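Take a look at the structure below.
Letters go in sequence order (proteins before strands), and every chain restarts at 1. As a basis for the values below, the full set of heavy atoms in this structure was taken, side chains included, without hydrogen atoms, waters or symmetry mates. All values reported here derive from a predicted model rather than from experimental measurement.
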Number of protein chains: 2
Amino acid sequence: MAASKTRTKQSSTDSDMPDTRARILAAALRLFRKRGYHGAGLNDILELASAPKGSLYHHFPGGKEEIGVAVVAEITRSIVTLFESSRARTTAAVVLQAGEQMSHTIERTNHELCTLFTAFLAERSTSPKLGIAVANAYAEMTEALQTRLQSDGMKPRLAKDRATAVVMLLEGGAMIAQAQQSVAPFRLAVKQAASLCEIAD
Amino acid sequence: MAASKTRTKQSSTDSDMPDTRARILAAALRLFRKRGYHGAGLNDILELASAPKGSLYHHFPGGKEEIGVAVVAEITRSIVTLFESSRARTTAAVVLQAGEQMSHTIERTNHELCTLFTAFLAERSTSPKLGIAVANAYAEMTEALQTRLQSDGMKPRLAKDRATAVVMLLEGGAMIAQAQQSVAPFRLAVKQAASLCEIAD
DNA sequence: CACTAGCTAGACCAGTCGGTCTAGTTGCGC
DNA sequence: GCGCAACTAGACCGACTGGTCTAGCTAGTG
């Protein structure tokens, strides 16, 4: 329908209709998080995106796997950005701020899109690429946090452990939040994670 | 592993061949954890269990969903038992001890069977029963820990929060361990979880 | 205008899915 | 022995899966 990837070529009436590729990606993101990688069929994704199969395989020649990798990369990027672009002074404050944003997302989506990468982890055995994408995702998030913690003055070794723990808490928190259909557990995870970033010894 | 549900009925030669029902359950447990709920097909499970489809639907009339619920219940029970039967004095020690056991399981299974309930969580939208089973699983684990923490003298409110955080860390830790194919992150999670059980203020 | 990429469109396909059903087989109570 | 219930066995099924392929539309260029 509408368009523009690098260059615009949108007609004058596409106001609420982004790029087909983007629409497919958004639909996949939504459904993968809601029903898992296997649980979300290509047809479901296509329907939600209002796109035909031809477009999907034009934009993602690698098929479902490529879409999965792209989705993981997008989630990762958005979270890492959240960590890195924050203007808060301490890492603890950064985590609180980012956590707040995530909490809103969770609420906005009726607690459906909570778990982050778990949906893809199970594919590790059948799709190495997806497995690598998830491993990278965790690594990037941890690294971003570790860097901030170190610039707070924390020793590298400790910073890495704390950063890892923060990621675990957020992931686990998102999971329990989804299971219980409530943001409360996630907010608790954020609080715990933030306090891990404060106390430094 | 062994057999017999209510009454035994084993022939004299089934030494290494438990009850069909148990075999199916064990196979399902293994494959669900490795490939996720959708990723593991009934045929795969049946093949691993060396059982025909008739047996499966005889023992689990509810089909795949019933097997899923049973698997979740079994995992839950084994973990809660780990928490409750420990003779360690403090909850921190209990967590360390249970964590050690889990670490061994992770190593023994080539980091394949790590994530605990995530595989089933995605089914919440299509199968209420599985969703409830997972929610119960988290609730039971948390409750068991909370009880122990309170008997350590911790205030109920705080105990509940700490217990929840411990579960989150373990779940998140298991996930990252699977992603990275290493027990190290899980052991870190256990350490953090244990220290959450100590400091009481 | 014609020509060509880029993209849309969806019919189509082989394979697999979870699930059903009928036909044995087995072992215990009588 | 017979009879019956518990269980095993696997052929079979419709629905649906991810993926392929050809045809057509559309915009930009000469």
Original post:
What class does the angle between the rings of B:Phe117 and B:Tyr138 fall in, given that below 30° is parallel, 30 to 60° is tilted and above 60° is perpendicular?
Top reply: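 Ring orientation, 0 to 90° scale: perpendicular.
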
Original post:
Taking the inter-plane angle between the rings of A:His38 and B:His38 on a 0 to 90° scale, is it parallel (under 30°), tilted (30 to 60°) or perpendicular (over 60°)?
Top reply: tilted

Let me know the distance between [atom1] of [X] and [atom2] of [N], rounded to the nearest Å.
{"X": "A:Tyr57", "N": "D:dT22", "atom1": "OH", "atom2": "C1'", "answer": "16 Å"}
{"X": "A:His58", "N": "C:dT8", "atom1": "NE2", "atom2": "C1'", "answer": "9 Å"}
{"X": "A:Phe60", "N": "D:dG18", "atom1": "CZ", "atom2": "C1'", "answer": "15 Å"}
{"X": "B:Glu47", "N": "C:dT16", "atom1": "CD", "atom2": "C1'", "answer": "14 Å"}
{"X": "B:Leu56", "N": "D:dG10", "atom1": "CG", "atom2": "P", "answer": "14 Å"}
{"X": "B:Ile67", "N": "C:dC17", "atom1": "CD1", "atom2": "C1'", "answer": "14 Å"}
{"X": "A:Asp19", "N": "C:dT8", "atom1": "CG", "atom2": "C1'", "answer": "13 Å"}
{"X": "A:Arg21", "N": "C:dC7", "atom1": "CZ", "atom2": "C1'", "answer": "14 Å"}

What heavy-atom pair brings [X] and [Y] nearest, and what distance separates the two atoms?
{"X": "B:Gly63", "Y": "B:Tyr57", "value": "CA-CE2, 3.5 Å"}
{"X": "B:Tyr37", "Y": "B:Ala119", "value": "CB-O, 3.6 Å"}
{"X": "B:Thr164", "Y": "A:Ile176", "value": "O-CD1, 4.5 Å"}

Protein and nucleotides 14-17 of chain D: nitrogen or oxygen contacts under 3.5 angstrom:
| residue | atom | partner | partner atom | Å |
| --- | --- | --- | --- | --- |
| D:dT17 | OP2 | A:Asn43 | ND2 | 3.4 |

**OP:** Find out whether A:Leu170 and A:Val166 are in side-chain contact, i.e. whether some heavy atom of one side chain is under 4.5 Å from a heavy atom of the other.
**Re:**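 In contact.
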
Original post:
Going by heavy atoms in the side chains, are A:Ile45 and A:Arg30 under 4.5 Å from each other?
Top reply: no

Original post:
Atom CD in A:Gln146, atom CG in A:Leu158: separation rounded to 0.5 Å?
Top reply: 10.0 Å

Original post:
So, does B:Arg162 use its side chain to make a donor-acceptor pair with the main chain of B:Cys197 at under 3.5 Å?
Top reply: no

Original post:
Does C:dT8 have OP1 or OP2 sitting under 4.0 Å from an N or O in the side chain of A:His59?
Top reply: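 Yes, A:His59 has a side-chain N/O under 4.0 Å of OP1/OP2 on C:dT8.
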
Subject >> B:Lys160 with B:Glu143: basic N within carboxylate O range, under 4.0 Å >> reply: no

What are the atom names and distances for every N/O pair under 3.5 Å that joins the protein to nucleotides 11-14 of chain C?
none

**OP:** Compute whether any side-chain donor of one residue and acceptor of the other, for A:Gln101 and A:Gln97, lie under 3.5 angstrom apart.
**Re:**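 Short answer, no.
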
Close N/O contacts between protein and nucleotides 22-24 of chain C (under 3.5 Å):
none

